[in-house]
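Right, one structure below, let's go through it.
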Amino acid sequence: MSMINGFTAQDAARLSDTERRLVERRERLLGPAYRLFYERPLHTVRGEDVWLYDEQGRRYLDAYNNVASIGHCHPRVVEAMYRQSRQLNTHTRYLQEGILDYAEQLLGTFSADLERVMFTCTGSEANDLALRIARQYTGGAGVIITRFAYHGVTGDIAELSPSLGPAMVLPGHVRTVRAPDAYRLGAGNVASTFADDVRAAIEDMKAHGIRPAAILLDGIFSSDGVLPGPAGCIAEGIAAAQAAGMLYIADEVQPGFARTGLNLWGYSRHNVRPDIVTLGKPMGNGQPIAGIVGRADVVDHFGRNMRYFNTYGGNPVSCAAGKAVLDVIQEENLQQHAHDIGGYLLDGLTRLAQRHEIIGDVRGAGMFLGVELVSDRKTRQPAAEQARRVVNAMRENGVLISAAGPLENVLKIRPVLTFTREHADLLIQAVDVALGDVRL
Ligand code: PMP
């Protein structure tokens, strides 16, 4: 095994006694539903900016974690949470200025027609709330999602997440459409395929007496295989859904908060107007805060009919964390940075495709990139086993990524937004070495 990031062959040895004990305790206490990353699980004890540290003090370049998106343990976020925790931590049923300051700042990043924000703790809850709002507003039940979507874990939302596995049987009110896969459908066909699929789904719902309520889409189609698609390619399909009375819920849990570069919100690339946007993961840089942003008439229709209280959603400490995250993104111009470094990464990874036949496609928007591995460029046969080996070889070399897509043959690369060119070079080198090292 080659050496990158200061790692030697011995570092790639078996589990330590401590790691073995932790794996055993975990299985005994948490049960089998929790899955660990990597064949040799990583025991992280500390994080700082782009780095995670294990118990031996080895550091790992984090090119996967889009929760601590502005950097692990960011001092501004830690300080904001500490100050607010010392002063007050209640909930949204008291008057408190922090939540309103944050709400104003957050809403200021959206177009003027999105005027309301409601807070939750997780992305799943945000999607669940958005779905309830859409169903109330439209009086319908039917939902359109992509074929390998992931939107979260509540009962209703798990049923909109076919990527949870074959045991997740979709209920009768759900229809799926193909995600905008330019590599497999052809860039020129993506927009019309998507729009045709949406129209067919609506017709089929109507034929079965199902009233359409919402189209729910991850703006980067992450679980479908990291599919940014050509800019604007989902606009026609979404317009068709909205014309049929459906609300468009833009799930920004993955692409939101500057990840896709230039714009703060991933859907902006597509020239569409969401009725509701759902937020999560990077919103508090690790502190649980999530929520929805929506049109006033839509959100108010729900609120007039039903009260809403989420004990921890929008609490003062979470809002302080959320505000610090937005401040850092805005002050450090991380959107531009994500665009620049993302472009640099895309170029570097695309160059690797000249030397590694197994790379079928390299794609991305900002700092959300996918490298699709295929065993044959002509047939585009997915190279899932090789992708698994690349991910694990990179982990042994101290660089963290994962794999996505229905067959998990797409290297999923989502670095901490503060990555520099040096970090990007390290990452590209690690992909290069892993592709060379694994017997393909
Ligand atoms: N939507 C998308 C697109 C996601 O990727 C996720 C989480 N991976 C969620 C929603 C759910 O978020 P959470 O895990 O915070 O419930």
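The basis for the numbers below is simple: all heavy atoms, side chains too, and nothing from hydrogens, waters or symmetry mates. Every number for a ligand or one of its atoms is a count from 1 in the order of the listing. What you are looking at is a predicted structure, and each value in this text was computed from that prediction instead of being measured.
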Looking only at distance, does [X] have an N or O less than 3.5 Å from an N or O of ligand 1?
X	result
Val153	no
Glu125	no
Ser124	yes

Checklist entry - Between Trp265 and Phe110, does the ring centre distance come in under 6.0 Å? => result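 Ring centroids of Trp265 and Phe110 are less than 6.0 Å from each other.
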Item to check | Sub-6.0 Å ring centroid separation between Tyr102 and Phe119 | outcome: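 Ring centroids of Tyr102 and Phe119 are less than 6.0 Å from each other.
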What is the closest protein heavy atom to [atom], and at what distance does it sit?
atom	value
atom 7 (C) of ligand 1	Lys281 CE, 3.2 Å
atom 1 (N) of ligand 1	Asp251 OD2, 2.7 Å
atom 10 (C) of ligand 1	His151 O, 3.2 Å
atom 13 (P) of ligand 1	Gly123 N, 3.5 Å
atom 5 (O) of ligand 1	Gln254 NE2, 2.6 Å

Residues [X] and [Y]: side-chain donor-acceptor under 3.5 angstrom:
X	Y	result
Thr154	Asp156	no
Gln381	Ser375	no
His91	Asn315	no

Item to check | Part of Asn127 with heavy atoms under 4.0 Å of ligand 1, whether side chain, backbone, both or neither | outcome: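 Only the side chain of Asn127 comes within reach of ligand 1.
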Checklist entry - From Gln136 CD over to Arg304 CZ, what is the distance, rounded to the nearest 0.5 angstrom? => result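 Answer for the CD-CZ pair, Gln136 versus Arg304, is 11.0 Å.
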Next on the checklist: With a 3.5 Å distance limit and no angle check, can you tell me whether Asp181 reaches the backbone of Leu185 through a side-chain donor-acceptor pair?
Outcome noted: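 No; zero donor-acceptor contacts below 3.5 Å.
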Checklist entry - Looking at Thr122, which atoms of ligand 1 are within less than 4.0 Å of one of its heavy atoms? => result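 Contacts of ligand 1 toward Thr122, numbered from 1: 15 (O), 16 (O).
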